[in-house]
Amino acid sequence: MLDVVQTQNIELRQKQEGKCILIVDDEAIIRDLCSRALKGYRVLEAADGEEALKVFDNGGVDVILTDVMMPNMDGIELLKKLKELEPTLVVIVMTGYADKDIILNALKADADDFITKPLNLLQLKTAIEKALVKKALKEEIANLKNVDRLKSNFLSLVSHKFRTPITSISLFLQNLASGVYDPEDPAYRENLSMIYKESCYLGGLVTDLLNFSQMMDKGDKLKLEPCNLNSIILDILPASREVAGKSGVEIAFNLDPIPSLFLDREKVSFAIKQVIDNAFKFSKEKGRVSIRIEKQEDLSRIIVEDEGIGISKEDLPKIFEKFYQVDRENTGQIRGFGLGLFYAREFIRLHHGKLVIESEPGKGTKVTITLPAAEGCPI
């Protein structure tokens, strides 16, 4: 029996560990009482709604326990603002008033639970435990909705990307079967060349889809091995379709020799390839792409700069979103799926690194990938 109780206590501590409760009340004695009752959780305090918002902005809060009647900003107004900021947040309202209007206003503002004053400490603990379960369910539902939305967006994007080249090829074959084209006509050869390019583009789309699928299947686990950044870059360039398609773009190297780093070769290679591909993809027919590696203390930086079309200030915050593509000409024909930079940044972050983009329309783009030395690996 004792072992069962000890096991339950251990499970409860593990469940509580790391969970953060923010207590908002203008009475210090109430905040102190709640803090003592919630021993085992990480507890933060605020004396009014305005202070609570500042604490919440720092992040990491799981549940908020708030009084209603407070100076500066009352609990109902705080509740409304919190739900706007984070819909999955769980807020418990404390009130010593049995006023139906207060309760109705709190319900309209999406309050998750109520506790009446004077506080019953057992009721308080139970309410917090229920709130954490509710938050987990809310987050799971939100994730499922997000996955469903992403799936719909992805299927729509793939359909759009495939439709244009398939339509072109289909029309050409129909005209060919109808005898519209004369094999000796120069227009026939031009269209044949165009259709060949479209079929190559389709093949490239399928290859990209398979690559994305494989990288997504690998998840967030890293398979670390000694890697040489110079070698990775030199392997990427000759295999890149974007580099091959811009023969008029000069490549400038400054690859300082540095010792190997412990990296996940596939993930880092994928990230660097996306950056290099974009540099050429958005370059003009003639120009220059600079690739250099710099070492600074315990960091290595890969810097890729181009003289291409650049990115506007409005587009910069969006370029790491899934499926987002910069389309300055509004043609709807930007090639690719808008996934490359999203996964590139995620893979660099898995290595505790950073991927930063600076750009200005008409003046090109600079991308900096910063990688720290892995533990136990000299840099």
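Remember, it's a predicted structure, so these values are computed and weren't measured experimentally.
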Hey, can you pull the donor-acceptor pairs under 3.5 Å for the side chains in residues 79-87, sequence neighbours left out?
{"unit_1": "K83", "atom_1": "NZ", "unit_2": "L89", "atom_2": "O", "d": "2.7"}
{"unit_1": "K83", "atom_1": "NZ", "unit_2": "D110", "atom_2": "O", "d": "3.3"}
{"unit_1": "K83", "atom_1": "NZ", "unit_2": "D112", "atom_2": "OD2", "d": "2.8"}
{"unit_1": "E86", "atom_1": "OE2", "unit_2": "K135", "atom_2": "NZ", "d": "3.3"}

Could you measure the distance from the CG atom of L261 to the OG atom of S300? Nearest 0.5 Å is fine. 4.5 Å
Supply the atom-to-atom distance K363 NZ to E358 CD, rounded to the nearest 0.5 angstrom. 13.5 Å
Who pairs with D306 by salt bridge (charged side-chain N to carboxylate O under 4.0 Å, His left out), at least two apart in sequence or on another chain? none
What one should report as the nearest heavy-atom pair of A106 and F114 is CB-CE2, 3.5 Å
Apply salt bridge (charged side-chain N to carboxylate O under 4.0 Å, His left out) to D235 and list each qualifying residue two or more places apart in sequence or on a separate chain. none
I'd like to know if I166 and I195 are part of one continuous hydrophobic network [Ile/Leu/Val/Met/Phe/Trp/Tyr, side-chain heavy atoms within less than 4.5 Å]. yes
I'd like to check L33 versus L121 (side-chain heavy atoms, cut-off strictly below 4.5 Å). Are they in contact? yes
Strictly below 4.0 Å, N to O, side chains only: are D62 and R42 in salt-bridge contact? no
Could you list the residues that satisfy side chain to side chain donor-acceptor pair (under 3.5 Å) with S35, not counting sequence neighbours? E45
In terms of heavy-atom contacts, A127 and D113 come closest through CB-OD2, 4.0 Å
Under 3.5 Å, which donor-acceptor pairs link side chains of residues 48-57 to any protein atom two or more places apart or in another chain?
{"unit_1": "D48", "atom_1": "OD1", "unit_2": "E50", "atom_2": "N", "d": "3.1"}
{"unit_1": "D48", "atom_1": "OD1", "unit_2": "E51", "atom_2": "N", "d": "2.9"}
{"unit_1": "D48", "atom_1": "OD2", "unit_2": "N72", "atom_2": "ND2", "d": "2.9"}
{"unit_1": "E51", "atom_1": "OE1", "unit_2": "A47", "atom_2": "N", "d": "3.1"}

Look up atom SG in C34 and atom CD1 in I21, then write down how far apart they are to the nearest 0.5 Å. 11.0 Å
Is there a side chain to side chain contact (heavy atoms under 4.5 Å, CB included) between K130 and T126? Walk through the geometry before answering. CA-CA 6 Å; K130 285 168 56 182; T126 303; 4.1 Å; yes
In terms of hydrophobic clustering (I, L, V, M, F, W, Y; side-chain heavy atoms under 4.5 Å; direct or indirect links), are F253 and V275 co-clustered? yes
Does the pair I311 and F282 meet the rule for a side chain to side chain contact (heavy atoms under 4.5 Å, CB included), with working shown? CA-CA 10 Å; I311 305 167; F282 294 103; over 6 Å; no
Does some side-chain heavy atom of L132 sit less than 4.5 Å from a side-chain heavy atom of V90? no
Report yes or no: do I236 and L234 belong to one cluster of Ile/Leu/Val/Met/Phe/Trp/Tyr joined by side chain heavy-atom distances under 4.5 Å? yes
Quick one: does V243's side chain get under 4.5 Å of V289's, heavy atoms only? no
Return the minimal non-hydrogen interatomic distance between R31 and D25, and the atom names on each side. NH1-O, 2.6 Å
Greater than 12 external heavy atoms within 6.0 Å of K138's NZ: yes
Could you tell me whether a side-chain N or O of R288 sits under 3.5 Å from a main-chain N or O of E250, the two making a donor and an acceptor? no
Is any side-chain heavy atom of Y41 closer than 4.5 Å to a side-chain heavy atom of C20? no
Is the backbone N or O of S283 less than 3.5 Å from a side-chain atom of K246, with the two atoms forming a donor-acceptor pair by type? yes
Residues that R292 engages under salt bridge (charged side-chain N to carboxylate O under 4.0 Å, His left out), provided they are two or more places apart: E294, E305
Is it possible for you to say whether I29 and L38 belong to one hydrophobic cluster, with membership spreading through side-chain heavy-atom contacts below 4.5 Å? yes
To the nearest 0.5 angstrom, please state how far the CD1 atom of I30 sits from the NZ atom of K117. 5.0 Å
How close do H351 and D264 get, heavy atom to heavy atom, and via which atoms? NE2-N, 3.0 Å
Looking only at atom types and distance, does a side-chain atom of S359 sit under 3.5 Å from a main-chain N or O of G364, one as donor and one as acceptor? yes
In short, S312 meets P361 closest at the heavy-atom pair CA-CG, 3.6 Å
For atom CD of Q123, decide whether the heavy atoms of other residues, nucleotides or ligands shown that lie under 6.0 angstrom number more than 12. yes
Output the distance between atom NZ (K19) and atom CD (E129), rounded to the nearest 0.5 Å. 12.5 Å
Minimum-distance pair of heavy atoms, taken over all atoms of G340 and F270: O-CE2, 4.0 Å
Are the charged groups of K281 and D277 less than 4.0 angstrom apart, N to O? no
Can you check side chain to side chain contact (heavy atoms under 4.5 Å, CB included) on V68 and N105, steps first, answer last? CA-CA 11 Å; V68 174; N105 287 335; over 6 Å; no
Report the distance from atom CG of D74 to atom OG1 of T66, rounding to the nearest 0.5 Å. 8.5 Å
Please check this pair: side chain of S269 against backbone of R265, looking for a donor-acceptor N/O pair closer than 3.5 Å. yes
Any side-chain to backbone donor/acceptor pair from S240 onto L237? Under 3.5 Å, distance only. no
Go through the steps to decide whether V367 and N278 satisfy the test side chain to side chain contact (heavy atoms under 4.5 Å, CB included), and finish with yes or no. CA-CA 10 Å; V367 182; N278 279 345; over 6 Å; no
Test T370 against every option in I303, L355, L299, I302 by the side-chain contact (heavy atoms from CB on, under 4.5 Å) rule and name the one that passes. L299
So if you build clusters from Ile, Leu, Val, Met, Phe, Trp, Tyr with side-chain heavy-atom gaps below 4.5 Å, do F342 and V356 land together? no
Might you work through the salt bridge (Lys or Arg N to Asp or Glu O under 4.0 Å) test for E266 and K223, ending with a clear yes or no? CA-CA 9 Å; E266 281 190 275; K223 184 181 177 183; over 6 Å; no
